[in-house]
Amino acid sequence: MNPELLLPLDAILPPGQMITSAEGNGDVQALWLSDAAAAAELWPRLRTEHASSGLWPLLLDSRDPDDSEFRPWASGELIPGRMFSPKSHYPAELLAT
């Protein structure tokens with residue numbers, strides 16, 4: 001999947017790469033990971049285009065601040081097939097932990 005093909009011309013993604021999930025045969029591309037933080041003005045454009053692109057802008061952090069591999073995001077330790085719908089979670093409970 002090339003997410004840039006799903007976006008309008010005014011919402012070009014910053015430099016980065018598709019991250020392939022450890023799940024499956026390498027055919028699950030779970031997310032686009034930018035090389036650096038995206039410009040603030042890109043966020044509302046990506047959010048507006050979510051319905052057509054399927055992409056959500058997210059702020060991600062590594063499990064360990066000293067981890068140079070930026071795990072689990074950059075290492076592909078993602079298993080989208082095991083994810084639950086956000087509707088099955090209670091935000092206040094989740095954010096309290």
Side-chain angles (χ1 to χ4, degrees):
M1 174 180 91
N2 181 348
E4 291 187 325
L5 296 177
L6 302 172
L7 296 171
L9 293 177
D10 64 343
I12 301 299
L13 295 173
Q17 63 182 329
M18 284 299 302
I19 302 297
T20 302
S21 169
E23 177 180 62
N25 296 323
D27 58 347
V28 178
Q29 293 181 311
L31 60 93
W32 174 265
L33 185 63
S34 301
D35 293 338
E41 53 274 357
L42 179 62
W43 284 71
R45 286 185 281 172
L46 287 174
R47 177 60 189 99
T48 300
E49 295 299 324
H50 169 72
S52 61
S53 73
L55 298 174
W56 284 109
L58 300 171
L59 286 174
L60 303 172
D61 201 359
S62 65
R63 292 167 52 182
D64 177 354
D66 298 323
D67 182 2
S68 63
E69 293 181 24
F70 202 64
R71 292 178 61 210
W73 316 113
S75 61
E77 297 172 55
L78 309 165
I79 306 175
R82 291 189 184 170
M83 291 182 183
F84 294 95
S85 168
K87 294 177 184 177
S88 66
H89 298 282
Y90 298 98
E93 219 175 272
L94 186 64
L95 294 173
T97 59

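- For the pair Leu60 and Phe70, the tightest heavy-atom approach, listed with the atom from each and the gap, is O-CZ, 3.4 Å.
- Looking at Ile19 and Trp73, their side chains never come closer than 4.5 Å, going by heavy atoms from C-beta outward.
- The two residues Pro14 and Leu42 come nearest to each other via the heavy atoms CD-CD2, 3.5 Å.
- Atom CG of Leu31 is separated from atom CD of Gln17 by 9.5 Å, given to the nearest 0.5 angstrom.
- Contacts classified as salt bridge (charged side-chain N to carboxylate O under 4.0 Å, His left out) and involving residues 53-70 (residues at least two apart or in different chains) are given here: Arg63-Glu77.
- Listed here is the closest heavy atom pair of Pro57 and Trp43: CB-CE3, 3.3 Å.
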